[in-house]
Amino acid sequence: MTQTTVDAPSKDRAQIPARTLRKDRYWLSPLVTFVIFAAWVIYATVRSMMGNYYWVDKYHYLTPFYSPCVSDACKPGSADFGTFVPAHLPFFIPYALISLPFLLGFRLTCYYYRKSYYRAFWLTPSACAVPDKSPARKTPGAYSGETRFPLILQNAHRYFWVIAGLISLVNTWDAIKAFHGADGGFGIGLGTIILWVNVILLWGYTLSCHSCRHVVGGRMKNFSKHPVRYWLWTQVSKLNTRHGQFALITLGTLALTDAYVALVSGHAFSDLRIFN
Ligand code: FES
């Protein structure tokens, strides 16, 4: 009988003179990611610090970038969860001070976004079979991945997930409030639908999280004794296959919802009313 030996994978890059042997446009995906993420961050930063055009009093529309509104400067009716932040603080303190830092942490530590910004912003690496550009790669043995400070902080993702779930509940409350008619009773407008689409997709993003999958189905020796958790795990697993899509689509729906509320609030156009 002949015995086949398999070499252990090399820790070093193959000694080829070319930077990469890839001939396809591997750089296109990280470039598109870079442009989309950079544009979104600029838009979200400007909007969350603007301090205006975030609330439509007539229909009770509140943009997610100001939810929950916790500044003393929040417009009457827009702050259902109390105000803890004094008015007249510097402009860069957002009105949604208790949610935005956690939502930023949630997205920054998300597995999907990690992959995306490691590739698009840090080029570590920008694609498979393309050299890593990080300084640590230049020093043999210095690369530690996410096992040391500061990247070990990515492990806090599970805690951000819990807080993001609470903030999704607040966003759901905002969407319920948006069933507000012009005469004060029940009403539905295009803004109501936009807020609901956004919050449903936000729940899709939150519940498809890898941490959520672990919370509902992890740390068990077998599923047969836990049929409810098994069912939950299978549902979350189905959502989890689309986690990257939820991550990207919710960037779009968040910006769209905010822009719609801002334009109606600023009287650029009227809300399209379906009922009352
Ligand atoms: Fe993306 Fe948790 S892995 S939100």
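Both ligands and their constituent atoms are indexed starting at 1 by order of listing.
- Contact annotation: for H243 versus ligand 1, heavy atoms closer than 4.0 Å belong to the side chain alone.
- At a cut-off of 2.8 Å, H210 is not counted among the residues with an N, O or S atom near atom 2 (Fe) of ligand 1.
- Annotation for ligand 1: atoms under 4.0 Å from non-hydrogen atoms of C110 are 1 (Fe), 3 (S), 4 (S).
- A donor-acceptor contact under 3.5 angstrom links the side chains of W55 and D57, judged on distance only.
- Inspection of the D271 and Y260 side chains reveals an N or O donor paired with an N or O acceptor under 3.5 Å.
- Remark: the backbone N or O of F186 is paired with a side-chain donor or acceptor of N276 at under 3.5 angstrom.
- Two residues are said to be in side-chain contact when any heavy atoms from C-beta on lie closer than 4.5 Å; Y95 and V70 fail this criterion.
- Shown in contact with F106 at under 4.0 Å from a heavy atom are these atoms of ligand 1, numbered in order with element: 4 (S).
- For Y113 against A247, the heavy-atom pair with the smallest separation is OH-O, 2.7 Å.
- At a cut-off of 2.8 Å, C209 is not counted among the residues with an N, O or S atom near atom 1 (Fe) of ligand 1.
- Put simply, the side chain of D174 never gets that close to the backbone of L62: no donor and acceptor are under 3.5 Å apart.
- Look at D80 and K177 and you find a salt bridge, because one of the NZ, NE, NH1 or NH2 atoms lies within 4.0 Å of a carboxylate O, short of that distance.
- Residue contacts with ligand 1 for Y205 involve side-chain atoms from C-beta outward but no N, CA, C or O (heavy atoms, distance under 4.0 Å).
- Contacts between W161 and ligand 1, counted as non-hydrogen atom pairs separated by less than 4.0 Å, are absent for every part of the residue.
- Below 4.0 Å from some heavy atom of H157 lie the following atoms of ligand 1, by number and element: 2 (Fe), 3 (S), 4 (S).
- Between atom 2 (Fe) of ligand 1 and C212 there is no N/O/S contact shorter than 2.8 Å.
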